[in-house]
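Down below is the structure, laid out as structure tokens.
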Amino acid sequence: MQTYLIKKPQKLELTYDENILTIHYPGLFKKKQNQDRDIPFSKLKSVRFFEATYRHGHLQILYQKPNHALEKIVISFEPADNLAVRKLYTALADYLEKPTVEEEDLSYVKTGDLIMAYLKMHDDGLMTHEEFEEKKKRILGIK
């Protein structure tokens, strides 16, 4: 679990592990709500990082709330916080770039469908056995 404390322009604490980002900032959210906002990584839609130079930097987080509405949180920070916020951004961006189980399963299905299409062409006499084997090896990444 990582925790970052941003002191300026406003005090804000960011904590995350491999599954959840927690934002703690008294007064940021409606008073009736809990002062912490827990954002499961699985609900993240996008994240953008704008490095602070001589002005404030920004970290934009777009995520899906439990009611399926999208919410964007923009966190401002000073140049002194660039490194810490960049680490958080990298962790979030890496999570978003990881293929999900469905995407991995889908790629196998697409690969299998493509090989089956070439097999049908081979069976129909549209390509030789050598051509089919060459296509299959290229699809499977075999040399």
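All values derive from a computational prediction rather than experimental measurement.
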Shortest non-hydrogen contact between [X] and [Y], atoms and distance:
X	Y	result
S76	H56	CB-CB, 4.4 Å
M127	Y118	CE-CD2, 3.5 Å
A52	E78	CB-C, 3.8 Å
L44	Y63	CA-CB, 4.1 Å

Can you get from [X] to [Y] by hopping between Ile, Leu, Val, Met, Phe, Trp and Tyr side chains that sit under 4.5 Å apart?
X	Y	answer
L70	L96	no
F132	M121	yes
F49	F41	yes
V74	F77	no

Atom [atom1] in [X], atom [atom2] in [Y]: separation rounded to 0.5 Å?
X	Y	atom1	atom2	answer
N82	F50	CG	CZ	13.0 Å
H122	H129	NE2	NE2	6.0 Å
L14	K87	CG	NZ	14.0 Å
S46	Q60	OG	CD	7.5 Å
M116	L119	CE	CG	5.0 Å
I75	L88	CD1	CG	7.0 Å

Subject >> Y16-Y95 aromatic ring centre distance below 6.0 Å >> reply: no
**OP:** In plain terms, say whether R37 and E71 are close enough for a salt bridge, that is, a side-chain N and a carboxylate O under 4.0 Å apart.
**Re:**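 Judged by the 4.0 Å cut-off on N to carboxylate O distance, R37 and E71 do form a salt bridge.
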Subject >> Presence of salt bridge, K137 and E134, under 4.0 angstrom >> reply: no
So, does [X] use its side chain to make a donor-acceptor pair with the main chain of [Y] at under 3.5 Å?
X	Y	result
D38	T22	no
N67	A69	yes
E131	T128	yes

Original post:
Quick one: are T15 and I20 in side-chain contact, heavy atoms under 4.5 Å?
Top reply: no
Original post:
Is any side-chain heavy atom of L62 less than 4.5 Å from a side-chain heavy atom of I73?
Top reply: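 The answer is no; the side chains never approach within 4.5 Å.
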Original post:
After noting the C-alpha distance and the side-chain angles of D123 and K120, does the key distance pass the side-chain contact (heavy atoms from CB on, under 4.5 Å) rule?
Top reply: CA-CA 5 Å; D123 291 344; K120 182 170 179 359; 5.6 Å; no
Original post:
Going through the checks in order, is the side-chain contact (heavy atoms from CB on, under 4.5 Å) test met by L92 and I61?
Top reply: CA-CA 9 Å; L92 298 175; I61 301 169; 4.1 Å; yes
